[in-house]
Structure formats: structure tokens, C-alpha cells
Peer 1: 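The following block contains the structure, expressed as C-alpha cells.
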Amino acid sequence: MTAYQIILAAIAGIFLTSNIAKFLDRRHGHTLFKFIASSTIWGGIMTFSIMPTAGHSLSQALGLGENLNTLIFIGFIIVFAIIFRLLSTIEQLERSLSEFVRRDALRQINRD
Amino acid sequence: MDRRFPSISIVIPAHNEEQAISHVIKETKAAGYDTIIVIDDGSTDQTEAAAKRSGATVFRHLINRGKGAAIKTGIDAAKRLGADIIVTIDGDGQHDPTDIAPMIKAISQDGYDVVLGNRLQDRSGMPAYKIIHNLIGNFIVWLLYGLWVNDSQSGFRAYSKKAAHAIDTHTDRYEYDSEVIREIHHNHLRFIELPIKVRYTAYSLGKRQKMNLKNGCKTLIRMLIFE
């Protein structure tokens, strides 16, 4: 195992532990979705840094052939999932904000 | 509803329409409608003051939330003020208030729930890109919501009290117009499209927040993902 592998595994381990601790503490805003997404990312990094050959069987199963292609493919899926989640959250916030602004505008009727 | 004397409210969403709003209100009053509700959608100019001076009831959004949100606020206000028929027109002067009368008749006498102004029946003066944009909009609305209309993006519409209560929209911006079509379909509301005149001026075409290709793409994405 090279020094790079050890460093990468250590960093991933720190983030993974922190993520699990936050979820177990039921820290505000740390939802199940965040827990699963974060665990998948850091768990994946840790696994592939310790066992680079672990991706072979997965690559074969997905028909991608190369380990790197598999990682890029999975990375894209994760990035798209995160972007979609972010867009949904922003849209929800926008709608909440609009509702607040609309109610404020209509307070005039209640006063009159 | 008292079919002889329905209470009619005209809702005008306005964002930075200081130059045009007074004229729109005066023209609407001249056409015979006194209950005019202007929603100042977070304007940074004197739209609110100009509308008040012209005799409209003004509700102000603290920040800009979009045409859909403004119309929704206006319709809510009209409902609370006891309107039987609610008409929405744009605040930039492109719509002719003399077209309101046939819309009122369609609801109060012919029993329709919703009247959609159709700009595409007489396309004279309409820029080619707007015609194409509207046709694409109609196709997408039909594809997503299953109801074909000839002008799915028109802001000149009239609603009966029943329709105003039944239509439940959630979007804030230009996708609102399409969402209303969906609600008409889902709630089995009786609707008719009536031809309307549109006056395209350098002012109305020059406004930055108007629907363009970029906003059209954003609208489509919101319709596909969030609706």
C-alpha cells in the first residue's frame, strides 16, 4: 500500500466517522438522504483507496471494462443526484419565500 | 352569482411598469371597470405610487417573485374582496381592455368557467420569434398536461368564481400560465378561447424580464422537474 492510499483512506475515514456521528446525534439538518449520500461517497473512496482492485468485479458487472471508467460513471450519477437534490431544495425555498411575500402583501386586506 | 351585475375585478401584475401602469389603469377604467387590483411585484421604480395615483388598489410584494406569484396574490385579493369574475391583464399596455367585455359575457351569460385570450388568431404585428415560441409552448403544454389550447402563454384571461377557487397553482414565474391550463384540464372547467388584440410596442418588447429563449428554457426545466 502506497503513502497516497494511506492518506486518502485516512481522510475518507475521518469524514465517514464524522458523518456517522452526526447522524447518530440526530444533528439538525443531517437527514437520512445526506447520511446515505455522504456515506456512499466517503465509503467508496475509502474502499477503492485500500483495495484498488475491488472495482474490477463491479466494472465487469457494469460492462465498463476499466476501473477508472466505472469510477467516473458512478461519480456522474452521484453528482447528478446531488444537483437534483439541491435544485429541489432551492425550488422549495423559493416557493416558501413567495408564500411569505404573498401573505405579507395580503395583510393589507386583513387590516382594512 | 347575480348574472346581471357580477362583481368584476381586474388584476394587473406589474414589475417596474412606472411608465405604462397609469395608462393601463386609465384605459381599463375607461372601458368600464372600476375595481382594479395592481400587484406591484417588488418594483424598484415608482410603479406602486403611479398605480395608487391612478386609482387602483395596490398590493405590494416586498421582493420580486415573478408574474405567477403576482397574479396569484391578485386573484386571492380579488376573491377576498368578493369578486364574481376576475380578469388578468398585463401591466405593460400590450392588452386592449375593450377585449374584456366579451370575456365577461362568456362567463356571466354563456356559463364558461375560464376564458383564455388568444393572441394567435390575428398574428399581425406579432414578431415571428413570439409566434414560434408560443407554438412550442402550446405543444409542450399539450404533451405534459394533455390539453391543447391555441395560446397557452397568454396573460389575458378571465376566471369565474368557481374557477378561481378550483385552480391551485404552485409556480411563481412564467410557468404559471401553463399550470393554469393543467388545472383547467384536471378540474374539468369549461373554457373558451377568444381572440384578443395585442399591441407590441418598443416598450413592451424591450423589457428585460420578458420571456426569451433563456427564460423559456428555465420555464421548461421547472415544468419538467418540479411539476
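The sequence lines fix the lettering, A, B, ..., with proteins before strands; numbering per chain opens at 1.
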Peer 1: Once you round to the nearest 0.5 Å, how far does CG of A:L97 lie from CG of B:L62?
Peer 2: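 If I round to the nearest 0.5 Å, the distance is 9.5 Å.
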
Peer 1: Would one find more than 12 heavy atoms of other residues, nucleotides or ligands at under 6.0 Å from atom CD of A:Q5?
Peer 2: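 Atom CD in A:Q5 is packed in, count exceeds 12.
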
Peer 1: Would you say that B:K72 contacts A:R102 through its side chain, given a criterion of any heavy-atom pair below 4.5 Å between the two side chains?
Peer 2: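 Side chain of B:K72 against side chain of A:R102, heavy atoms only: contact under 4.5 Å found.
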
Peer 1: Output the distance between atom CD (A:E94) and atom NE2 (B:H170), rounded to the nearest 0.5 Å.
Peer 2: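 Rounded to the nearest 0.5 Å, the CD-NE2 separation comes to 16.0 Å.
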
Peer 1: Find out whether B:T73 and A:V101 are in side-chain contact, i.e. whether some heavy atom of one side chain is under 4.5 Å from a heavy atom of the other.
Peer 2: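 Side-chain contact under 4.5 Å: no.
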
Peer 1: What distance separates A:S98 OG from B:D41 CG, expressed to the nearest 0.5 Å?
Peer 2: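 Between atom OG of A:S98 and atom CG of B:D41 there are 8.5 Å.
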
Peer 1: Heavy-atom distance under 4.5 Å to chain B: side chain of A:Q92, backbone, both or neither?
Peer 2: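 Neither; nothing under 4.5 Å.
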
Peer 1: Does a salt bridge link B:D172 with A:R95, judged by any charged N lying under 4.0 Å from a carboxylate O?
Peer 2: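 Not counted as a salt bridge, because no side-chain N and carboxylate O are separated by less than 4.0 Å.
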
Peer 1: Counting heavy atoms not belonging to B:W142, are there more than 12 under 6.0 Å from its CH2?
Peer 2: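 At most 12 heavy atoms, drawn from other residues, nucleotides or ligands, come within 6.0 Å of this atom.
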
